[in-house]
Amino acid sequence: MKKNIAEIISVSNEIYDKGLVSGKAGNISARFGDVVAITPTLKSLSNLEEKDIVLVNMQGDVLTKGKPSSEVNMHLEIYKKRSDVNAIVHTHSPYATGFAFSDKKLKRLEGFGSIKTQYISSIEYEKPGTDELARSASEGLGNEDVLILKNHGVICVGDQLKEAMLLAVFVEETAKTQFITLMLNSVEDSD
């Protein structure tokens with residue numbers, strides 16, 4: 001378990017350093033059997049220590065010291081519905097979240113597995129930390145690996161934590177590319 005907690009800290013630092021989260025936003029978790037290790041609430045992902053990672057069971061009972069992320073129920077609902085998911089990365093990355101706050105859909109681009117749908121799925125806004133968000137996000141993911149939370153952020157899931165993190169990075173780069181494309185296409189040609 002110690003190695004797994006070290007990986008959560010490493011991934012937390014990496015997504016913070018890459019600008020996918022800022023301040024005290026975002027959260028990540030990993031499932032190990034019937035136990036979920038999750039980042040704490042109200043603490044920056046930039047400087048977590050082993051003692052900060054909170055262990056909970058699948059019913060949400062806290063097994064260690066500390067207070068889990070306010071989104072713990074969302075993570076647990078996803079794990080309950082998806083036996084193939086063992087890691088969740090929830091970011092507020094600027095470009096992808098910009099799409100979440102706009103009326104534009106984020107296209108799926110080549111470079112991270114097969115493209116089954118033209119656009120990344122999204123769900124309507126639900127207040128963060130609520131049972132409504134937990135239910136809506138777990139249903140909205142269905143069999144997808146990424147979900148846009150309108151007016152909120154992005155959820156990426158995978159079998160392994162690194163896989164979910166790489167997907168979060170890819171989604172942000174995809175959003176950045178599409179944003180640049182939208183801006184370039186809106187510029188009038190002066191010829």
Side-chain angles (χ1 to χ4, degrees), residues 4-30 37-50 52-54 68-72 74-75 78 85-113 115 119-123 125-129 133 137 140-141 144-187:
N4 300 326
I5 289 173
E7 184 181 18
I8 289 173
I9 293 168
S10 172
V11 168
S12 294
N13 288 331
E14 195 164 343
I15 66 171
Y16 188 91
D17 291 345
K18 289 185 180 302
L20 302 184
V21 295
S22 61
K24 297 177 181 178
N27 41 75
I28 67 172
S29 70
I38 189 165
T39 52
T41 193
L42 297 175
K43 187 150 174 112
S44 173
L45 298 186
S46 68
N47 58 358
L48 296 177
E49 299 176 30
E50 187 177 321
D52 297 322
I53 305 304
V54 183
S69 166
S70 61
E71 303 287 12
V72 66
M74 179 178 72
H75 288 247
I78 293 167
V85 170
N86 292 308
I88 299 169
V89 174
H90 170 45
T91 68
H92 297 185
S93 52
Y95 285 91
T97 301
F99 275 86
F101 275 85
S102 79
D103 62 352
K104 305 284 185 219
K105 291 184 176 184
L106 191 52
K107 290 182 183 176
R108 285 191 172 270
L109 298 182
E110 292 179 4
F112 205 96
I115 298 175
Y119 297 102
I120 293 174
S121 296
S122 66
I123 59 167
Y125 177 79
E126 297 287 354
K127 188 174 177 185
L133 176 59
L141 264 170
E144 300 289 335
D145 54 0
V146 60
L147 180 69
I148 302 292
L149 308 176
K150 294 301 270 176
N151 301 325
H152 185 161
V154 180
I155 299 173
C156 296
V157 301
D159 179 47
Q160 303 290 321
L161 197 49
K162 283 282 192 188
E163 178 186 346
M165 183 206 64
L166 289 172
L167 179 57
V169 171
F170 184 75
V171 168
E172 181 64 358
E173 290 302 313
T174 297
K176 192 182 298 183
T177 299
Q178 287 179 55
F179 174 78
I180 292 167
T181 302
L182 286 168
M183 291 300 99
L184 290 172
N185 286 340
S186 71
V187 175

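Here the structure is a predicted model, which is why all the values come from computation and not from measurement.
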Engineer: Above 12 or not: heavy atoms from other molecules or residues under 6.0 Å from NZ of Lys107?
Structural biologist: no
Engineer: For a quick test of reading the model, state the closest non-hydrogen atom pair linking Ala30 to Ile8 and the distance between them.
Structural biologist: CB-CD1, 4.1 Å
Engineer: With rounding to the nearest 0.5 angstrom, report the OG1 to CD1 distance, Thr91 to Ile155.
Structural biologist: 9.5 Å
Engineer: If you round to the nearest 0.5 Å, how far is CD1 of Ile88 from NE2 of His75?
Structural biologist: 5.5 Å
Engineer: As a quick check of understanding, evaluate side chain to side chain contact (heavy atoms under 4.5 Å, CB included) for Lys104 and Gln178, giving each step before the final call.
Structural biologist: CA-CA 10 Å; Lys104 305 284 185 219; Gln178 287 179 55; over 6 Å; no
Engineer: Does any part of the side chain of Val171, heavy atoms only, come nearer than 4.5 Å to the side chain of Leu106, both counted from C-beta?
Structural biologist: yes
Engineer: Flag the pair Glu14 / Val169 as yes when at least one side-chain heavy-atom distance between them is below 4.5 Å, and no otherwise.
Structural biologist: no
Engineer: Does Leu167 form a side chain to side chain contact (heavy atoms under 4.5 Å, CB included) with Val89? I'd like the steps, not just the answer.
Structural biologist: CA-CA 9 Å; Leu167 179 57; Val89 174; over 6 Å; no
Engineer: Indicate the atoms forming the closest heavy-atom contact of Glu71 with Pro128, along with that distance.
Structural biologist: OE2-CB, 3.4 Å
Engineer: Under the side-chain contact (heavy atoms from CB on, under 4.5 Å) test, which residues partner Ser70, sequence neighbours left out?
Structural biologist: Thr41
Engineer: Which atom names give the shortest non-hydrogen contact between Cys156 and Ala164, and what distance separates them?
Structural biologist: CB-O, 3.6 Å
Engineer: Pairs in or reaching into residues 88-98: which pass salt bridge (Lys or Arg N to Asp or Glu O under 4.0 Å), with residues at least two apart or in two chains?
Structural biologist: none
Engineer: Applying side chain to side chain donor-acceptor pair (under 3.5 Å), can you list everything that pairs with Ser46, at least two apart in sequence or on another chain?
Structural biologist: Ser44
Engineer: Could you please spell out the steps behind the side chain to side chain contact (heavy atoms under 4.5 Å, CB included) verdict for Met183 and Val187?
Structural biologist: CA-CA 7 Å; Met183 291 300 99; Val187 175; 5.8 Å; no
Engineer: Might you work through the side chain to side chain contact (heavy atoms under 4.5 Å, CB included) test for Leu48 and Tyr16, ending with a clear yes or no?
Structural biologist: CA-CA 11 Å; Leu48 296 177; Tyr16 188 91; over 6 Å; no
Engineer: Distance check, rounded to the nearest 0.5 Å: Ile9 atom CD1 versus Asn4 atom CG?
Structural biologist: 11.0 Å
Engineer: In Å, rounded to the nearest 0.5 Å, how long is the span from CG of Leu182 to OG1 of Thr177?
Structural biologist: 11.0 Å
Engineer: What are the two closest heavy atoms between Val85 and Ile78, and how far apart are they?
Structural biologist: CG1-CG2, 4.3 Å
Engineer: Look at the aromatic rings of His92 and His152 and report parallel, tilted or perpendicular, splitting at 30° and 60°.
Structural biologist: perpendicular
Engineer: Indicate the atoms forming the closest heavy-atom contact of Ile53 with Ile5, along with that distance.
Structural biologist: CG1-CG2, 3.7 Å
Engineer: Do Asn27 and Val72 come close enough that some side-chain heavy atom pair is under 4.5 Å?
Structural biologist: no
Engineer: Is there a donor-acceptor pair closer than 3.5 Å between any side-chain N or O of Ser10 and the backbone N or O of Ala6?
Structural biologist: no
Engineer: List in chain and number order the residues that pass side-chain contact (heavy atoms from CB on, under 4.5 Å) with Ser122, two or more places apart in sequence or in another chain; answer none if no residue qualifies.
Structural biologist: Ile148, Lys150
Engineer: Less than 4.5 Å apart, side chain to side chain, heavy atoms only: is that true for Glu163 and Asp145?
Structural biologist: no
Engineer: For Pro94, give me all partners under side-chain contact (heavy atoms from CB on, under 4.5 Å), at least two apart in sequence or on another chain.
Structural biologist: Glu172
Engineer: Please report the interatomic distance CG(Leu149) to OG(Ser121), rounded to the nearest 0.5 Å.
Structural biologist: 11.5 Å
Engineer: Could you tell me which non-hydrogen atom of Ser12 sits nearest to which non-hydrogen atom of Thr39, and how far apart they are?
Structural biologist: OG-CG2, 3.6 Å
Engineer: Which residues pass the ring pair (Phe, Tyr, Trp, His ring centres under 6.0 Å) test with Phe179, sequence neighbours left out?
Structural biologist: Tyr95
Engineer: Output yes when Glu49 and Lys43 qualify as a salt bridge under the 4.0 Å nitrogen-oxygen rule, no when they do not.
Structural biologist: no
Engineer: For Ile28, is there any backbone N or O sitting under 3.5 Å from a side-chain donor or acceptor partner on His90?
Structural biologist: no
Engineer: Would you say Met74 and Glu126 make side-chain contact, with heavy atoms under 4.5 Å?
Structural biologist: no
